[in-house]
Number of protein chains: 2
Amino acid sequence: MTIRELARICGVAVSTVSRAMNDRSDVNPETRARIRAAAERHGYVPNASARRLKIGTTQTISVVIQGELGQLLIEVLEHLGLAFADAGYDTVLSHVAEQHATAGTVERIVREGKFDGVVFLGRYGSADREASSQLSRRLAEIDVPMVFCTTPDYSGAASLHSSISVDDQTGAYELTSHLIAHGHRRIAFVGGGTERDGEHAWALRLAGYRAALGAAGISFDEELVVPSVLPDQLYTMRNGYESVAQWPGSGIPGDVTAIMAVCDAAAVGAARALSEAGRRVPDEVSLVGFDGLDIGKYHVPRITTVAQPLAEIAQSTARVLLATMREPDRAIEQVWIRGRVVEGESVRLLT
Amino acid sequence: MTIRELARICGVAVSTVSRAMNDRSDVNPETRARIRAAAERHGYVPNASARRLKIGTTQTISVVIQGELGQLLIEVLEHLGLAFADAGYDTVLSHVAEQHATAGTVERIVREGKFDGVVFLGRYGSADREASSQLSRRLAEIDVPMVFCTTPDYSGAASLHSSISVDDQTGAYELTSHLIAHGHRRIAFVGGGTERDGEHAWALRLAGYRAALGAAGISFDEELVVPSVLPDQLYTMRNGYESVAQWPGSGIPGDVTAIMAVCDAAAVGAARALSEAGRRVPDEVSLVGFDGLDIGKYHVPRITTVAQPLAEIAQSTARVLLATMREPDRAIEQVWIRGRVVEGESVRLLT
DNA sequence: CTGAAAGCGCTTACAG
DNA sequence: CTGAAAGCGCTTACAG
């Protein structure tokens, strides 16, 4: 069913049908009603491609997620969907599998013109820092509005794209301070990556951890930073599990009284590894995560964490992207939203 | 950058550019190389809408998920993405928030012509059975190939759409038999819905549970079926938790030795509720889930479950949909794929 | 192997 | 308030 067929059925011109379908004011209310009734009856929906070609807008935002799809990103995605729907946009997830995560794939998605705006969620580009930075610069040359959510844009010194994230560093600082206030001094950081470049979420969390130790006069011990054995799957249970299970040297040092995992999922995995090693949480080892997901909430013991304000992060992302769509030359902005420490049952008070 | 501009830059006709970009054989290899190099240099990517309008194919499959986005569906989505990519199709998730889950929304997504095929994943339609059935019949009239994955199509007696799912009933049968073989006879089923219409995954699992009891000569006790207190969020930790915490009557009967949760997530929630009630798993109560997700794997104790062959389910879904796209009048088929009981640490052998 | 032209289904000035 | 016509950016017979 095309607009021409419907026009013939209704005995009007295609332009009139178009006006009726688009709720233009310059059409007789009765004509409008008649046409819309006929459209409904025949299941006519304007062809999105033709409309887009003519009008230059798809009313669709793409959310690009690369690699693993964790619960955190999924929840942000849900909130993004709601926020964009409020503004009249459809949201569509373009998931790029790890295998296909090349600059070309990402660039094609953006350039094809299927979308009015793009949100890069969680991660993008390759592990190679230079390649990611180059992708970021290439993307900046495409005139499709885009924004980065829960990930920096890796473009180097001067940011080329706006980004919205939880304030990882402050959150980790507060969480570490919480542990310190409970008497812990030998605190391990588990499951981060290896390049300490300060832009990844885990690196910012590590920086916050370090700063809190420093503020409390506790010396930083490189031995207590246990990097992930699965750098491609940082934010997973498996990462937390394997990283603790394969603790370098002769296993978990006996004097470690608390472990900070890179996220809640990793904390749950770490808890399992600790259990297998015969170390009880929190009686023998305290444990904290990051994110505030259900997985930590229903864990026994409930994991103390920093809850990310996901709805707020999503709304802020939508706001920045929509503003950039209206005003392409708008200034780049980096938004950091504070999380909140949520006490669970996984931290023991040392006396 | 349009095809016309690129044609002028290269000093050829637009038709030649088109041929070069589409890898047609009837173009001079040198011309082709020159054009493609120029396209790369200028970041030219053919406009997807114009292409689609002309050619009638988007090379894009939409996966529609309605309401909650759980880990199981996400993993199926990842596998679907890989399977369709192998066939040269992009996959896009069109998530429909619970608030917007009307027949109109779904129908619009399908009719707009943005997609060559549609996979309904996990659930669709409203809670109202009649409305869902009506939607199913309306969808059947749209000539976009579609298939249902991990959900039946609710169209009533005669199926109007193909569907691919794990064999829920057999899985639950085997899992229940596993419990019975371990000496359990008072086994509760926790977290299912209320309408026992036999089509939902949970209802099929309940049917399998019941059949296994019958086969073992254990009488079915309605009291041991504890329906969800959160019918809209069946496959969540929260459902398992609340359903056990708010067990009807005077709480968990003392003679219940095992609980079968509607899925792994619910089992984890149930475990937390049991812990709060002072009942240890598996020492005092055994517990099983369904799905085979990481959440159960890293739980302490590891949850005994039925692992769904997600890759196989996704591949089968892609195969059926692609076949339907090639051959629209192809027969409807219902595919049930067997899962596999995976023993964890959550079932105690009663002696 | 290459080019000129028609047309996919829409929307939007432009007339009336 | 309605209609006829142009054109969005492509692809594909049809000629050459």
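Here the structure is a predicted model, which means the values were calculated and not measured. Letters A, B, ... mirror the listed sequences (proteins, then strands); counts begin at 1.
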Just to verify, what does [X] make a side-chain hydrogen bond (donor to acceptor under 3.5 Å, both in side chains) with, not counting sequence neighbours?
X	value
B/Thr58	B/Asp116
A/Ser163	A/Gln334
A/Ser162	none

Separation of atom [atom1] in [X] from atom [atom2] in [N], rounded to whole Å:
X	N	atom1	atom2	answer
A/Ile3	C/dT11	CD1	C1'	8 Å
A/Arg4	C/dT11	CZ	P	14 Å
B/Asp26	D/dC14	CG	P	14 Å

Worksheet item: Could you give the distance from CD (B/Gln59) to CZ (B/Arg52), rounded to the nearest 0.5 Å?
Response: 11.0 Å
Practice prompt. Would you give the length of the straight line joining atom CE of B/Met21 to atom OG1 of B/Thr16, rounded to the nearest 0.5 angstrom?
Written response: 13.0 Å
Practice prompt. Ignoring backbone atoms, test whether A/Tyr44 places a side-chain nitrogen or oxygen under 4.0 Å from the OP1 or OP2 oxygen of C/dG9.
Written response: no
Worksheet item: Say you pick atom C1' in D/dG16 and the same atom in D/dT12; how far apart are they, in whole Å?
Response: 16 Å
Discussion item. So if I take residues 46-58 of chain B and measure heavy-atom distances to DNA chain C, which residues fall below 4.0 Å?
Written reply: B/Leu53, B/Lys54
Practice prompt. Describe the nucleic acid contact of B/Asn28 in one word from base, sugar-phosphate, nothing, applying a heavy-atom distance below 4.0 Å.
Written response: sugar-phosphate
Worksheet item: side chain to side chain contact (heavy atoms under 4.5 Å, CB included) between B/Ile74 and A/Gln71: does it pass, once the steps are laid out?
Response: CA-CA 9 Å; B/Ile74 296 307; A/Gln71 198 56 40; 5.7 Å; no
Discussion item. If you compare all heavy atoms of B/Glu68 against all heavy atoms of B/Leu73, which two are closest, and at what distance to 0.1 Å?
Written reply: O-CD1, 4.1 Å
Worksheet item: Does the side chain of B/Lys114 pick up a donor-acceptor pair with the side chain of B/Ser94 at under 3.5 Å?
Response: no
Discussion item. I want to check something: taking the side chain as every heavy atom from C-beta on, are B/Val92 and B/Val63 in contact at a cut-off of under 4.5 Å?
Written reply: no
Fill in: Involving DNA chain C, stems made of at least three consecutive Watson-Crick or G-U pairs, both distances under 3.5 Å
C:1-3 with D:14-16, C:5-12 with D:5-12, C:14-16 with D:1-3
Response to the item:
What residues 8-25 of chain B contributes to the DNA chain D interface at heavy-atom separation below 4.0 Å is B/Ser15, B/Ser18, B/Arg19, B/Asn22, B/Arg24
Worksheet item: When you look at B/Asp23 and B/Arg36, which way does the salt bridge (charged side-chain N to carboxylate O under 4.0 Å, His left out) test go after all the steps?
Response: CA-CA 10 Å; B/Asp23 263 333; B/Arg36 292 186 78 104; 3.5 Å; yes
Worksheet entry | Ring geometry between B/Phe148 and B/Phe120 (parallel below 30°, tilted from 30 to 60°, perpendicular above 60°) | parallel
